[in-house]
Every structure is written in C-alpha cells, then in structure tokens.
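The next block holds one structure in the form of structure tokens; read it before the comments.
In listed order, ligands and their atoms are each counted from 1. Just so it is clear, the values below take in all heavy atoms, side chains as well, and ignore hydrogens, waters and symmetry mates.
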Amino acid sequence: MMTIIFQELAIHSLTSPAPNIFRIRLSAPTLAEQALPGQFVMIRPLNIQEPLLPRPFSIHRVLGDRLDILFKVRGAGTHMLARMNKGDPLEIRGPLGKGFRFGEEEELVLVAGGMGVAPLLFAAEYWKGLFQGKARKKLRVFLGARTREELLGLDAFQRLGAELHVATDDGSFGEKGPITRLLQRVMVGRVTGVRLLACGPTAMLRSVQRWVMKKGIPGQLSLETRMACGLGACLGCVTARERGGTVSYVNVCQEGPVFDAREVVIHDRT
Ligand SMILES: Cc1cc2nc3c(=O)[nH]c(=O)nc-3n(C[C@H](O)[C@H](O)[C@H](O)COP(=O)(O)OP(=O)(O)OC[C@H]3O[C@@H](n4cnc5c(N)ncnc54)[C@H](O)[C@@H]3O)c2cc1C
Ligand code: FES
C-alpha cells in the first residue's frame with residue numbers, strides 16, 4: 001500500500017532549460033523511492049504571503065534520491081514557483097494518482113506534446129530499467145512542441161536509444177505541424193506488440209485517442225485536469241469514464257491521471 005507523503009522540502013536547485021520553463025530538483029529520498037511514472041505531486045510554496053492552493057505537477061525524473069519537476073509558467077502559482085530560490089521551502093504531497101502500466105510489449109511508443117514530455121521521460125527511463133537493456137525492445141518517441149526552444153528531453157531520449165520523431169508548430173525543428181500527423185504517417189500499416197503512452201494538450205490527446213482506437217493499439221492517456229486538492233476531497237477534477245457500456249464519473253487525481261484510451265472521455269477542462 002502506497003503512503004501519501006506530506007512534507008516540507010527545500011529546493012535543491014531551480015534551473016530554466018528554456019524560456020518560461022523551469023526545472024525544480026528536490027532532495028526527496030522517500031518520494032523518489034516510492035514514485036512511479038505517471039504519478040504526480042501537489043506543490044505549494046511556503047514562504048509567501050498570499051494564500052495559494054497547491055498545484056499538480058508530474059514527476060519528471062527520479063535520479064537516485066533526487067526528484068525533478070518540469071513546469072511551464074502559466075499563472076499565479078507557476079509564476080511564484082519560478083521566482084523561488086535554492087533552499088526555499090515547498091509543501092509537497094505525493095506520490096499521487098495512478099500512473100502508467102507496463103506489460104510484455106515489444107515496443108513502447110511515447111507521444112508528448114509540449115509539457116506532456118514531463119511524465120514521459122520518467123516513463124521511458126523506468127521502462128528501460130525494467131529489463132535493463134537485456135531484451136531487444138524498441139522505444140519510439142514522438143516529441144512535439146510549439147518551437148525548437150520548447151522541445152525538451154531530446155538528449156535524454158537519445159541517450160536511452162530511442163528512435164526520435166520531432167515536430168514543431170512553427171517548423172523551427174523537425175517536421176512542421178502537429179506531432180499526431182507525424183505519428184500517423186510513421187506508424188502506418190499494421191502495428192503489433194506496441195503499447196502507447198501520451199501526454200499533452202487536449203486536442204492532441206483526442207487525436208491520439210481516435211487513432212489508437214482505430215488501430216487497436218493499447219493506449220494510455222495522461223490528463224492534466226485542473227486540481228485543487230489532489231486527494232479526492234474537493235471533487236474538482238471529475239471526468240467521465242466508460243466501462244462495459246456504463247459511464248461513471250471518477251476523480252482524475254485518484255483514478256488517473258493516466259487512463260486507458262478506450263475508456264476515458266476527454267473534456268475541455270482548461
Ligand atoms: C496530474 C497533472 C500533472 C501536471 N504536470 C505538469 C507538469 O509536469 N508540468 C507543467 O508545466 N504543468 C503540469 N500540469 C499543469 C499544471 O498543474 C498547471 O499548469 C498549473 O496548475 C497552473 O497553475 P497556475 O497557478 O500557474 O495557473 P492558473 O492561474 O491556475 O491558470 C493560468 C492559466 O493557465 C491555464 N491552465 C491552468 N492549468 C492548466 C493545465 N492543466 N493545462 C493547460 N493550461 C492550464 C488556465 O486556463 C489559465 O489560463 C499538470 C496538471 C496535472 C493535473
Ligand atoms: S483534485 Fe480534489 S478531488 Fe481531485
């Protein structure tokens with residue numbers, strides 16, 4: 001049984017790999033030991049005057065007893081986090097939610113749009129670690145972003161031996177256009193032995209969902225619904241899930257954020 005840890009942690013380092021995008025590294029041995037790919041943490045800065053609800057962020061990487069969060073500045077919460085300094089205290093809740101599930105697949109395909117890369121790098125590193133390079137399994141990564149500057153994780157995926165396919169909205173790197181178009185072109189024809197994981201904007205997830213359903217590929221989608229508590233208490237993150245012809249409403253923070261592509265109904269939440 002996984003324990004949810006509430007703790008106060010000091011920022012180990014805060015860097016900015018791209019304009020408006022930040023990486024917080026925490027020294028968090030217990031969290032790092034328990035974290036699974038696709039899970040998230042709720043983070044709240046502690047040394048501020050304004051009342052602020054915690055914000056959800058995927059676990060981006062686990063490096064020994066260190067844990068990384070990668071985020072883009074969007075509004076008040078992320079703006080405050082970006083202005084923090086090394087040593088500043090954060091309240092951290094986690095690891096939360098149900099992450100990606102792996103099986104006997106011969107190939108793992110990752111589809112990341114923008115900040116959707118955050119949970120998928122951890123997924124790739126964890127998956128590779130499961131068989132420690134002993135089995136001849138293939139990792140294929142489709143990485144999409146608005147611009148070249150916002151393409152993150154290229155080197156890390158390359159180090160994992162991934163076959164990389166890249167697209168940017170403005171064509172500044174890789175193919176110009178949506179990453180889903182590239183996905184469908186590269187993976188044309190019959191696809192077997194594959195498991196696909198995706199995280200990114202709503203439109204991208206919908207497109208991936210339609211495509212995996214049509215192709216009969218087992219797919220999992222990680223949703224970035226807005227959340228206030230992350231614990232199942234506020235009911236602010238509900239989404240519909242269809243199982244065996246029955247629709248039920250579930251908390252994304254507890255039953256997700258990762259869902260089976262055949263079951264989840266993707267709403268416009270943000
Ligand atoms: C499980 C989970 C994991 C997440 N992982 C990451 C991550 O690894 N990296 C990361 O950068 N973000 C991630 N997010 C999104 C992140 O939580 C939000 O960007 C953040 O809460 C925004 O807070 P804010 O106070 O800065 O913005 P707010 O003031 O709350 O909102 C400012 C603007 O940002 C928009 N916005 C808010 N939330 C989202 C969202 N989820 N998606 C798109 N636009 C949004 C709002 O519509 C508004 O226009 C994740 C969300 C969830 C639920
Ligand atoms: S965020 Fe409060 S119930 Fe899910």
Side-chain angles (χ1 to χ4, degrees), residues 4 14-26 31 35-45 48 50-62 67-84 90-100 110 112-124 145-146 150-153 156 197-206 220-241 248-259 264 266-270:
I4 296 171
L14 191 149
T15 50
S16 177
N20 225 24
I21 296 175
F22 294 82
R23 182 185 293 124
I24 287 182
R25 179 160 292 175
L26 300 165
L31 252 181
L36 292 169
Q39 288 190 301
F40 65 100
V41 289
M42 298 294 289
I43 299 189
R44 190 168 69 90
I48 51 163
E50 305 87 339
L52 187 75
L53 288 169
R55 300 290 196 260
F57 298 98
S58 302
I59 297 167
H60 173 51
R61 276 186 114 171
V62 170
L67 188 136
D68 282 1
I69 303 300
L70 184 73
F71 68 95
K72 185 169 190 172
V73 173
R74 293 190 194 275
T78 45
H79 188 67
M80 267 177 217
L81 278 176
R83 282 184 306 165
M84 304 262 106
L90 301 176
E91 179 198 89
I92 312 278
R93 302 175 191 171
L96 299 168
K98 293 184 180 152
F100 298 111
L110 307 180
M115 296 312 296
V117 70
L120 294 178
L121 181 56
F122 183 21
R146 289 191 313 156
E150 293 192 3
L151 271 175
L152 300 169
L197 316 179
C199 185
T202 305
M204 185 203 95
L205 289 183
R206 282 214 185 96
Q220 295 167 40
L221 310 176
S222 181
L223 307 194
E224 295 199 341
T225 320
R226 302 198 73 172
M227 292 180 181
C229 72
L231 302 169
C234 72
L235 307 183
C237 65
V238 169
T239 199
R241 182 169 68 184
S248 58
Y249 290 87
V250 295
N251 290 330
V252 174
C253 65
Q254 291 181 302
E255 293 301 314
V258 177
F259 289 93
V264 69
I266 302 174
H267 300 290
D268 287 312
R269 302 290 304 200
T270 52

Legend entry - Closest to atom 1 (S) of ligand 2 among Gly97, Gly236, Pro56, Gly230 (heavy-atom distance): Gly230
Inset, instruction - Please find out if atom 2 (Fe) of ligand 2 and some N, O or S atom of Cys229 are separated by less than 2.8 Å. - result: yes
Legend entry - Heavy-atom check, side chain of Arg74 versus side chain of Lys72, under 4.5 Å: yes
Inset, instruction - Would you mind reporting whether Arg55 and Leu53 have side-chain heavy atoms less than 4.5 Å apart? - result: yes
Inset, instruction - Go through ligand 1 atom by atom and flag the ones less than 4.0 Å from a non-hydrogen atom of Met227. - result: 53 (C)
Legend entry - Leu70 N/O to ligand 1 N/O under 3.5 Å: yes
Inset, instruction - May I ask you to decide if Leu36's main-chain N or O and Gln39's side chain share a donor-acceptor pair within less than 3.5 Å? - result: yes
Inset, instruction - Heavy-atom distances under 4.0 Å are what count here, so tell me which part of Val73 touches ligand 1: side chain, backbone, both or neither. - result: neither
Legend entry - Under 3.5 Å: donor-acceptor pair, side chain of His60, backbone of Ala118: yes
Inset, instruction - Keeping the roles fixed (side chain from Arg61, backbone from Leu121), state whether a donor-acceptor pair exists under 3.5 Å. - result: no
Legend entry - Atoms in ligand 2 with a heavy atom of Ala233 nearer than 4.0 Å: 3 (S)
Inset, instruction - Run the numbers for me: atoms of ligand 2, each under 4.0 Å from some heavy atom of Cys253, listed by number. - result: 1 (S), 3 (S), 4 (Fe)
Inset, instruction - For residues Ile43 and Pro54, determine if any side-chain heavy atom of one lies less than 4.5 Å from a side-chain heavy atom of the other. - result: no
Legend entry - Set of residues satisfying side-chain contact (heavy atoms from CB on, under 4.5 Å) with respect to Pro17, sequence neighbours excluded: Ile21, Arg23, Leu70, Leu152
Inset, instruction - Check each heavy atom of Val252 against ligand 2 and say whether those closer than 4.0 Å belong to the side chain, the backbone, both or neither. - result: neither
Inset, instruction - Check whether any N, O or S atom of Cys234, backbone or side chain, sits closer than 2.8 Å to atom 4 (Fe) of ligand 2. - result: no
Legend entry - Cys237 N/O/S atom closer than 2.8 Å to atom 4 (Fe) of ligand 2: yes
Inset, instruction - Look at the side chain of Arg241 and the backbone N and O of Thr239, then say whether any donor-acceptor pair between them is shorter than 3.5 Å. - result: no
Legend entry - Among Gln39, Arg74, Met80, closest by any non-hydrogen atom to atom 18 (C) of ligand 1: Arg74
Inset, instruction - Examine the proximity of ligand 1 to Pro56 and report which part, side chain or backbone, both or neither, has a heavy atom under 4.0 Å away. - result: both
Legend entry - ligand 1 atoms in contact with Ala118 (distance to a heavy atom under 4.0 Å): 8 (O)
Legend entry - Closest non-hydrogen atom pair, Met80 against Pro45: CB-CG, 4.3 Å
Inset, instruction - State, yes or no, whether a side-chain contact exists between Val238 and Val252 at a heavy-atom distance under 4.5 Å. - result: no
Inset, instruction - Have a look at ligand 1 and work out which part of Phe40, if any, has a heavy atom under 4.0 Å from it: side chain, backbone, both or neither. - result: side chain
Inset, instruction - Distance to 0.1 Å, residue and atom name: give those for the protein heavy atom nearest to atom 3 (S) of ligand 2. - result: Leu235 N, 3.2 Å
Legend entry - Close-contact set for ligand 1 against Ala76 heavy atoms, below 4.0 Å: 25 (O), 26 (O), 29 (O)
Legend entry - Numbered atoms of ligand 1 (with element) below 4.0 Å of Gly77, judged on heavy atoms: 24 (P), 25 (O), 26 (O)
Inset, instruction - Mark up the atoms of ligand 1 that fall under 4.0 Å of a heavy atom belonging to Ser58, in ascending order. - result: 3 (C), 4 (C), 5 (N), 6 (C), 7 (C), 8 (O)
Legend entry - For Thr78, the ligand 1 atoms whose distance to one of its heavy atoms is below 4.0 Å: 24 (P), 25 (O), 26 (O)
Legend entry - Flag, side chain of Arg93 to backbone of Cys229, donor-acceptor distance under 3.5 Å: yes
Inset, instruction - Please tell me if the side chains of Leu120 and Leu197 come closer than 4.5 Å, counting only heavy atoms from C-beta onward. - result: yes
Inset, instruction - With atom 13 (C) of ligand 1 as the reference point, say which of Glu224, His79, Met115 has the nearest heavy atom. - result: Glu224
Legend entry - Pro119-ligand 1 polar pair, N/O distance under 3.5 Å: no
Legend entry - Within reach of ligand 1, part of Arg226 (heavy-atom separation under 4.0 Å): side chain
Inset, instruction - Could you check if a side-chain atom of Leu81 sits within less than 4.5 angstrom of a side-chain atom of Phe22, using non-hydrogen atoms only? - result: no
Legend entry - Heavy-atom closest pair, residues Ile59 and Ala35: CD1-CB, 3.6 Å
Legend entry - ligand 2 atoms in contact with Gly232 (distance to a heavy atom under 4.0 Å): 3 (S)
Inset, instruction - Enter the distance from Phe122:CZ to Ser58:OG here, rounded to the nearest 0.5 Å. - result: 10.5 Å
Inset, instruction - Provide the number and element of each atom of ligand 2 under 4.0 Å from a heavy atom of Met227. - result: 1 (S)
Inset, instruction - Using a strict 4.0 Å cut-off to heavy atoms of Ala228, name the atoms of ligand 2 that fall inside it. - result: 1 (S)
